[in-house]
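Presented below is the structure to which this report refers.
Note: hydrogens, waters and symmetry copies are ignored here, and every other heavy atom, side chains too, is used.
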Amino acid sequence: MDVIARAWSKAVRTALPGPWRPGLVVREVAGALLIGGLAAPIEIISHTGLALPMSAAAALLFLVRRGLPATALVLTALAGGVGGGTLPLLVCVGWSAGARVRRVGVLAGSFVAGWALMTLFGVLKDAGQIPVELIVGFSLGGYLLLAVLPALWGRYRAQRRALTDALRERNEQLVREHAMIAHQARLRERHRIAQDMHDSLGHQLALISVHTGALEVDRTLTDRQREAVGVLRLAAVGAMRELREVVGVLHDESTALPPGPGPVPRSAAGAGAGAGAGVGGVGTGGVDGIEGLVDSSRAAGTPVSLLRDGERRALAASAGHAAYRVVQEALTNAHKHAPGAPITVALRYEPDALVVEVVNPAAPEPVGVRAGGAAPVVVSGGQGLTGLRERARLVGGMVHAGPTPGAGFRLAAVLPYRGAEGAGAQGVDAGSAAGPADPAAGWSVDGGPGGLPGAVAGAPKRRSPAIGCAVGGVAVLLSVLGLLVWGVTGFVRAAEDSTVKRSVYDSAELGTPETEVRRQLPRGSDLFLRNLEGSGPTPPAGSDCVRFLSDDNGGTGWGEDAVVRFCFKDGVLVEKQHYRVKQ
């Protein structure tokens, strides 16, 4: 019993899918009552004697059309072949099948099966009264109008609704992606600001620390002045420590994304160059600014030599700025970790790349120790070399850093001349010129929602469902029109085949051979002559009579037909009659 109960519950849920909201319940019940109410009088007029069963069946099929659209369509078409009470329902189930049956094969099969059953039962019911070809023609025309045409409209509405929902979901997805990209851009900007602060301000604070360290051991200063210089050096060290803490917050690895190709705000494209150029007035932030960095280090009392080798060649803006940052970071590290040690900066223009190399030996005795004090505190954030490697990678180069055999340190970078152009176009390097955002994203991050149409434009175009449904609707209408013309033509032809002209009637004389008379008579049609059987005066005994309509309708009233009758016996015409019958 439990199995039967579960099967019944599943069948009910399939045939009557929910959720059954109050408005839907009222609408479905009202529709079922209306369809059932229309079926009963149609069956009564058709004299089929199936008014009550057809009415109940129509109401039930209306209710299950949502859950079982294909089944409801086939059963409704079958009932339409038996009686005409379900023809109004055929419009509803056709609409429902077109809107709900997704698989084209199932949809087409259900419509073909429905029409075949409707035609078959129509032929079985009316074959003796109406020619088969007319039954098939009118069945096809009515089926196309009442079932196929509503199905096309229902399918168009369903596809249009599905397309609208898909576009709405895509738009919401694009909005979410736009917000994510903007968030990524903000994180990358924080990373960029941290890198620039580390490279520029750290370098200047290192120079300040070196200057104050040199002054602190100057024997010409008084103790009061040396104490003030010491306070200044400690303040520079403290400022550097605070700078590292701020950089650490901005460069938090838990929130910042690793720099890489991708869309970034265009406003950030020139931020790095400006930061590098404006620090102490030390150049433009490119290769030309390296000499200014060297001069600043020399002014701090550090012996720095600048060597150039090879024929100078032009670099992309991003590669030039990367070279500037490499020298700046190397000088900063040398000032912090090997104060007073001589530094060598070399720029070698190789055939395919610029090689930037900064080398310093081991540091002499620390300044603070020579002064009798503690060694100076070295503040390091550990982000400098990581940032340099990323800068070089973005322009297609590489960075190597490591100790030298003499306990010194060497920092070298290989920056290609042309390899940076592709990376620079992505707009990810702080010193590059403003470039377009990532083309794959479809919009620039700083463009706001106005960038969304660009992304949609890059998506594959969808063909409107109205085209296919319109073509199908036109095909249905043309088919119905053709069937209508064919049916009218057949009806007229059948009427002509059932009508005898007055001249033929008058020319037929009694005693004329039957073959000669029949040669002049039309072949007849059951559509018009079936009801004439047995009509008219009593025929001669033992005769064989044929009846036709007459084209001489003069004097006939409404609802009357003029009929002619020819009776044959022993192979000759023995009687002809002209009379009127009620339709």
Side-chain angles (χ1 to χ4, degrees), residues 7-8 10-17 28 31-40 42-43 46 48-127 130 132 135-159 468-469 472-473 475-476 479-480 483:
W8 173 256
K10 182 178 179 180
V12 171
R13 288 196 303 269
T14 302
L16 302 173
E28 291 296 305
L33 293 177
L34 177 61
I35 293 297
L38 290 175
I42 295 176
E43 293 296 333
S46 302
T48 60
L50 301 173
L52 185 59
M54 282 294 182
S55 179
L60 180 61
L61 290 173
F62 180 84
L63 291 176
V64 302
R65 80 194 190 284
R66 296 172 62 247
L68 303 171
T71 304
L73 173 66
V74 174
L75 294 178
T76 301
L78 185 150
V82 176
T86 59
L87 293 181
L89 175 63
L90 196 58
V91 178
C92 300
V93 296
W95 169 288
S96 184
R100 289 181 168 83
V101 179
R102 301 301 181 191
R103 299 173 62 181
V104 178
V106 175
L107 182 63
S110 61
F111 272 94
V112 172
W115 174 76
L117 291 174
M118 182 178 181
T119 304
L120 175 62
F121 278 83
V123 170
L124 294 176
K125 184 184 68 171
D126 298 325
I130 303 175
V132 175
I135 296 176
V136 174
F138 282 114
S139 173
L140 180 58
Y143 194 75
L144 290 175
L145 279 178
L146 298 178
V148 177
L149 198 60
L152 289 173
W153 179 248
R155 193 162 189 84
Y156 161 71
R157 291 292 300 273
Q159 290 181 348
C469 294
V476 169
S479 300
V480 171
L483 290 172

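Without hydrogens or angle criteria, Glu43 side chain to Gly85 main chain gives a donor-acceptor distance under 3.5 Å.
Taking CD1 of Ile35 as the reference point, atom OG of Ser55 lies at 10.0 Å (rounded to 0.5 Å). Here the CH2-CG distance, from Trp153 to Leu149, works out to 10.0 Å after rounding to the nearest 0.5 Å. Between atom OG1 of residue Thr86 and atom CG of residue Leu61 there is a gap of 8.0 Å, rounded to the nearest 0.5 Å. Rounding to the nearest 0.5 Å gives a distance of 6.0 Å between CG of Leu90 and CE of Met118. Here the CG atom belonging to Leu145 is positioned 9.5 Å from the CG atom belonging to Leu140, to the nearest 0.5 angstrom.
Pro53 meets the side-chain contact (heavy atoms from CB on, under 4.5 Å) test with no other residue; sequence neighbours excluded. Scanning for side-chain contact (heavy atoms from CB on, under 4.5 Å) contacts around Ala59 gives Ala32, with sequence neighbours left out. Not counting sequence neighbours, the partners of Thr119 by the side chain to side chain donor-acceptor pair (under 3.5 Å) test are Trp115, Ser139.
Of all non-hydrogen atoms in Ala39 and Ala58, the two that sit nearest each other are CB-CB, 4.1 Å. Closest approach of Ala51 and Ala40 over heavy atoms only: CB-O, 3.8 Å. Across Val82 and Lys125, no two heavy atoms sit closer than the pair O-NZ, 3.1 Å.
Each salt bridge (Lys or Arg N to Asp or Glu O under 4.0 Å) pair with one or both residues in residues 75-87, not counting sequence neighbours, would appear here, but there are none. Within the structure, side chain to side chain donor-acceptor pair (under 3.5 Å) contacts touching residues 140-150 (residues at least two apart or in different chains) do not occur. The salt bridge (Lys or Arg N to Asp or Glu O under 4.0 Å) analysis of residues 86-96, with sequence neighbours excluded, yields no pairs. Residue pairs satisfying the salt bridge (Lys or Arg N to Asp or Glu O under 4.0 Å) criterion with at least one member in residues 76-94, sequence neighbours excluded, are absent. Residue pairs that meet the side chain to side chain donor-acceptor pair (under 3.5 Å) test with at least one member in residues 57-66, sequence neighbours left out, are Glu28-Arg65. Residues in residues 83-102 take part in no salt bridge (Lys or Arg N to Asp or Glu O under 4.0 Å) pair, two or more places apart or across chains.
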Could you list the donor-acceptor pairs under 3.5 angstrom formed between side-chain atoms of residues 67-78 and any protein atom two or more places apart in sequence or on another chain?
unit_1 : atom_1 : unit_2 : atom_2 : d
Thr76  : OG1    : Ala72  : O      : 2.6

Expected list for residues 107-114: side-chain donor-acceptor pairs under 3.5 angstrom, two or more places apart:
unit_1 : atom_1 : unit_2 : atom_2 : d
Ser110 : OG     : Val106 : O      : 3.1
Ser110 : OG     : Leu107 : O      : 2.7

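Counting heavy atoms from C-beta on, the side chains of Leu89 and Met54 never come closer than 4.5 Å.
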